[in-house]
J.: 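I'd like to ask you about the structure that follows.
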Amino acid sequence: MSKKENPAPLEEREEAAETPQEITEELHQEAEEETFAVTREQMEKMEALAGQLAEAGDKYLRLAAEYDNYRKRTAKEKEGAYQNAKADTIARFLEVYDNLERAVSQPGDAENAHKKGMEMIFHQLEAVLEKLGVTVEDPIGKSFDPDRHEAVMHIDSEGLGESVVSQVFQKGFLLGDKVIRFATVQVAN
């Protein structure tokens, strides 16, 4: 074969290949070198089209931001609805918790099968509530917090500091930071 029949070797052909970006840059350079004459009417049309393009781009950006905000808001609302439903359901079981706690705390024969059964059920309920993220708040000896406690009585006590919980009538329950049930307490003055 002669050189005329055989094009450049493969290595040379690969080097000569241009990327699309290089081709685009080359065309832009050629376009910059050329000068065009446009009429005022053509210039006004180009400016109007450029304005429409900018407006469409702005609308697109606003729509994308609005959609992103919508997506975040609905995800937050969905999570909030789930947490509220979970808290409402747990609140219904707290009466059962109170009754089982009272039954377990009653004096009696420790070997009684019924008492053992009640204790097992009570501990099982405690484990289920713990798995759900519920914490029991027994604030005796702690400072009174109106965001978590409900004061139903006040006593004068010199042994305790001011605004200290002296007695708990009903324990409080929290789901994370959310109060499911306020602790009913007696506060020392």
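Predicted model only: the values in this text are computed from it and were never measured.
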J.: Would you check if the side chain of K86 reaches a backbone N or O of L132 as a donor-acceptor pair within less than 3.5 Å?
T.: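 Checking the backbone N and O of L132 against the side chain of K86, a donor-acceptor pair under 3.5 Å is found.
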J.: F122: which residues meet the ring-ring contact (aromatic ring centres under 6.0 Å, His included) condition with it, sequence neighbours left out?
T.: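 Counting only residues at least two positions away or on another chain, F122 forms a ring-ring contact (aromatic ring centres under 6.0 Å, His included) with Y97.
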J.: Looking at every non-hydrogen atom in both residues, tell me the closest pair between F144 and V187 and how far apart they are.
T.: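 Residues F144 and V187, closest heavy atoms: CD1-CG2, 3.5 Å.
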J.: Which pairs count as side-chain hydrogen bond (donor to acceptor under 3.5 Å, both in side chains) when at least one residue sits in residues 55-66, sequence neighbours excluded?
T.: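 Of all non-adjacent pairs touching residues 55-66, those that pass side-chain hydrogen bond (donor to acceptor under 3.5 Å, both in side chains) are D58-R62.
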J.: Using modelled atom types and a 3.5 Å cut-off, is there a donor and acceptor pairing between side-chain atoms of R181 and backbone atoms of K171?
T.: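 Present.
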J.: For atom CD of E130, is the number of surrounding heavy atoms from other residues, nucleotides or ligands below 6.0 Å larger than 12?
T.: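 No - once you tally the heavy atoms of other residues, nucleotides and ligands closer than 6.0 Å, there are 12 at most.
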J.: Indicate yes or no for a side-chain donor-acceptor contact from K115 to the backbone of V104 under 3.5 Å, with no hydrogens or angles considered.
T.: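 Side chain of K115 to backbone of V104, a donor-acceptor pair under 3.5 Å: yes, one is there.
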J.: Between H114 and N112, which heavy-atom pair has the shortest distance, and what is it?
T.: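 What the structure gives for the nearest pair is N-OD1, 3.0 Å.
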J.: Mark yes when over 12 heavy atoms from residues, nucleotides or ligands other than M120 sit less than 6.0 Å from its CE; otherwise mark no.
T.: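 Not buried by this count: 12 neighbours or fewer within 6.0 Å.
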J.: Against I180, only a single residue in L174, V134, T135, T89 fulfils side chain to side chain contact (heavy atoms under 4.5 Å, CB included); can you say which?
T.: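 Considering L174, V134, T135, T89, a side chain to side chain contact (heavy atoms under 4.5 Å, CB included) with I180 is found only for V134.
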J.: Is it the case that the side chain of D68 and the backbone of A64 share a donor-acceptor pair, with hydrogens and angles ignored and the cut-off at 3.5 Å?
T.: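 No.
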J.: Inspect the contact between K142 and E137 and indicate whether a charged nitrogen and a carboxylate oxygen are less than 4.0 angstrom apart.
T.: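 Between K142 and E137 there is no salt bridge, as every charged N stays at least 4.0 Å from the carboxylate O atoms.
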J.: Kindly give the heavy-atom pair with the smallest separation between Q186 and F169, and that separation in Å.
T.: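 Looking at all heavy atoms of both residues, the closest pair is CB-CE1, 3.8 Å.
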